[in-house]
Undergrad: 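There's a structure below that I have some questions on.
When a ligand or atom number is given, it counts from 1 through the structure's own listing order. Source: prediction; values computed, not measured.
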Amino acid sequence: MTFIVRMLRYLFWIVVVSWVVRLLGRLVSQMGSGASEPRPKSDAPNDAVGKKLVRDPVCGIHVSEALALQLHQGSETVYFCSPECRKQYLDSEKQFAANA
Ligand SMILES: [Zn+2]
């Protein structure tokens, strides 16, 4: 009987040790992948700039900065979804200037 108990205890420790070894191996591989992680993270801001949404002040639609029509006004940049909106914006600017 004590032989079986000793055997079971032995098997139990083998299972525990193999489990701990596997867990440590996973931790080490996670740390390894964690070390290489900053590279995709440094790419993320560039990606975010490309996917940044800007608001068309004319129709209020949100457009991707990369796809939007840009209009530089001094230090400001205004974005439009279409040439029509840009034209409308410029026309209203002219009107504003005329009124002022
Ligand atoms: Zn628009």
Undergrad: Quick one: does F80's side chain get under 4.5 Å of C59's, heavy atoms only?
TA: no
Undergrad: For a 4.5 angstrom cut-off between non-hydrogen side-chain atoms, does V5 reach R9?
TA: yes
Undergrad: Which atoms form the tightest heavy-atom contact between D56 and C81, and what is the distance?
TA: OD2-N, 2.8 Å
Undergrad: Is any side-chain heavy atom of L90 closer than 4.5 Å to one of L71?
TA: yes
Undergrad: Provide the protein N, O or S atoms situated under 2.8 Å from the Zn ion (ligand 1); waters are not included.
TA: D56 OD2, C59 SG, C81 SG, C85 SG
Undergrad: Find out whether L8 and I4 are in side-chain contact, i.e. whether some heavy atom of one side chain is under 4.5 Å from a heavy atom of the other.
TA: yes
Undergrad: For the residue pair Y79 and K52, establish whether any side-chain heavy-atom pair is separated by less than 4.5 Å.
TA: no
